[in-house]
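What follows is a single structure, written as structure tokens, with notes after it.
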Amino acid sequence: MSARLNIATVDSAAYKAMMGLEGYLQTISLTPIQKELIKIRASQINKCAFCLDMHTQDALKYGETTQRIFILEGWREAKELFSEEEQVLLAMTEEITLISHNGLSEETFQKAKQYFDDAQIAQIIMAIVTINAWNRIAVSTHLPIAK
């Protein structure tokens, strides 16, 4: 599959706006591992090979284990490998990524409130929204995976 276009060069203003979101995400209270778990899980759902390649490598750099990366798609069956806080992040990621199914459920939202304050929940939502936007850009434009 060949690349279709490069949004960074074709529409630099749009790309700059996306990079603004990335800059914002560097300031939020989530740990690098938490951010990468969100990015990997959303990218799995969206089948974005480019983002999966990038974010699994980033997660490894931050100290994530290969076991947790390999099992991430089945985290519900391997809950002992993920903290309760991480499980809430993953549930939020799935529900927001698959927004047309049922949206962010009240149950998941209430669980999130047990671990995160409103500002942190807003940050988590923005992290999920941002990776979903990147996934859609990468998949739509056939961003090539570095070899």
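By the side-chain contact (heavy atoms from CB on, under 4.5 Å) test, A8 pairs with N6, Y15, sequence neighbours left out. Residues passing the salt bridge (charged side-chain N to carboxylate O under 4.0 Å, His left out) test with E107, sequence neighbours excluded: K111. Residues satisfying the side-chain hydrogen bond (donor to acceptor under 3.5 Å, both in side chains) test with E80, not counting sequence neighbours, are none. Here D117 pairs with nothing under the side-chain hydrogen bond (donor to acceptor under 3.5 Å, both in side chains) rule; sequence neighbours left out. By the side-chain hydrogen bond (donor to acceptor under 3.5 Å, both in side chains) test, S105 pairs with E95, T108, sequence neighbours left out. In this view, K113 and D118 satisfy the salt bridge (charged side-chain N to carboxylate O under 4.0 Å, His left out) rule, not counting sequence neighbours. A search for side-chain hydrogen bond (donor to acceptor under 3.5 Å, both in side chains) contacts involving Q87 returns nothing, not counting sequence neighbours. In terms of the side-chain contact (heavy atoms from CB on, under 4.5 Å) criterion, residue partners of E85 (sequence neighbours excluded) are, by chain and number, Q34, S83, Y115, F116.
The hydrophobic cluster containing L30 also contains Y24, counting ILVMFWY residues as joined when their side-chain heavy atoms lie under 4.5 angstrom apart, directly or transitively. When hydrophobic clusters are built by joining Ile, Leu, Val, Met, Phe, Trp and Tyr residues whose side-chain heavy atoms come closer than 4.5 Å, directly or via intermediates, I33 is not grouped with I124. Criterion: ILVMFWY side-chain heavy atoms under 4.5 Å apart, direct or through other members. Under it, V139 and M18 are not part of a common hydrophobic cluster. Hydrophobic clustering of Ile, Leu, Val, Met, Phe, Trp and Tyr side chains at less than 4.5 Å, counting indirect connections, unites L89 with F109. Using a 4.5 Å cut-off between side-chain heavy atoms of Ile, Leu, Val, Met, Phe, Trp and Tyr, with links allowed through other members, M19 and L5 fall into the same hydrophobic cluster.
Looking at every heavy atom in both residues, A112 comes nearest to V88 through CA-CG1, 3.5 Å. Smallest separation of non-hydrogen atoms from L25 and A127: CD2-CA, 3.7 Å. In plain terms, the two heavy atoms of L52 and T56 that are nearest each other are O-OG1, 2.7 Å. Across all their heavy atoms, R4 and S140 have their closest contact at NH1-O, 2.9 Å.
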May I have the list of side-chain donor-acceptor pairs in residues 128-137 shorter than 3.5 Å, sequence neighbours left out?
{"from": "T130", "atom 1": "OG1", "to": "M126", "atom 2": "O", "distance (Å)": "2.7"}
{"from": "N132", "atom 1": "OD1", "to": "N46", "atom 2": "ND2", "distance (Å)": "2.8"}
{"from": "N132", "atom 1": "OD1", "to": "R136", "atom 2": "NH1", "distance (Å)": "3.0"}
{"from": "N132", "atom 1": "ND2", "to": "T97", "atom 2": "OG1", "distance (Å)": "2.9"}
{"from": "N132", "atom 1": "ND2", "to": "I128", "atom 2": "O", "distance (Å)": "2.8"}
{"from": "W134", "atom 1": "NE1", "to": "E22", "atom 2": "OE2", "distance (Å)": "2.8"}
{"from": "N135", "atom 1": "OD1", "to": "N46", "atom 2": "ND2", "distance (Å)": "2.7"}
{"from": "N135", "atom 1": "ND2", "to": "S43", "atom 2": "OG", "distance (Å)": "2.9"}
{"from": "N135", "atom 1": "ND2", "to": "I131", "atom 2": "O", "distance (Å)": "3.4"}
{"from": "R136", "atom 1": "NH1", "to": "N132", "atom 2": "O", "distance (Å)": "3.2"}

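Heavy atoms of other residues, nucleotides or ligands lying less than 6.0 angstrom from CZ of F70 number 12 at most.
Each ring pair (Phe, Tyr, Trp, His ring centres under 6.0 Å) pair with one or both residues in residues 78-102, not counting sequence neighbours, would appear here, but there are none. Residue pairs meeting the side-chain hydrogen bond (donor to acceptor under 3.5 Å, both in side chains) criterion with at least one member in residues 58-69, sequence neighbours excluded: E64-R68, R68-E86. Residue pairs satisfying the salt bridge (charged side-chain N to carboxylate O under 4.0 Å, His left out) criterion with at least one member in residues 23-37, sequence neighbours excluded, are listed as follows: E36-K39.
A distance of 11.5 Å separates CG of D53 from CG of L143, quoted to the nearest 0.5 Å. If you take CD1 on I45 and CD1 on I40, they are separated by 12.5 Å, rounding to the nearest 0.5 Å.
Remark: the backbone N or O of S29 is paired with a side-chain donor or acceptor of Q123 at under 3.5 angstrom.
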> Is there a side-chain contact (heavy atoms from CB on, under 4.5 Å) between I71 and L81 once you walk through the steps?
Replying inline: CA-CA 9 Å; I71 202 73; L81 296 178; 3.7 Å; yes

> Would M92 and I38 satisfy side-chain contact (heavy atoms from CB on, under 4.5 Å), going step by step from the backbone distance to the final call?
Replying inline: CA-CA 9 Å; M92 289 179 71; I38 289 170; over 6 Å; no

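Q110 and Q114 are not linked by any side-chain donor-acceptor pair at a separation below 3.5 angstrom, with hydrogens and angles left out of the test.
Remark: of the listed residues E73, E94, H55, E94 is the sole one forming a side chain to side chain donor-acceptor pair (under 3.5 Å) with R41.
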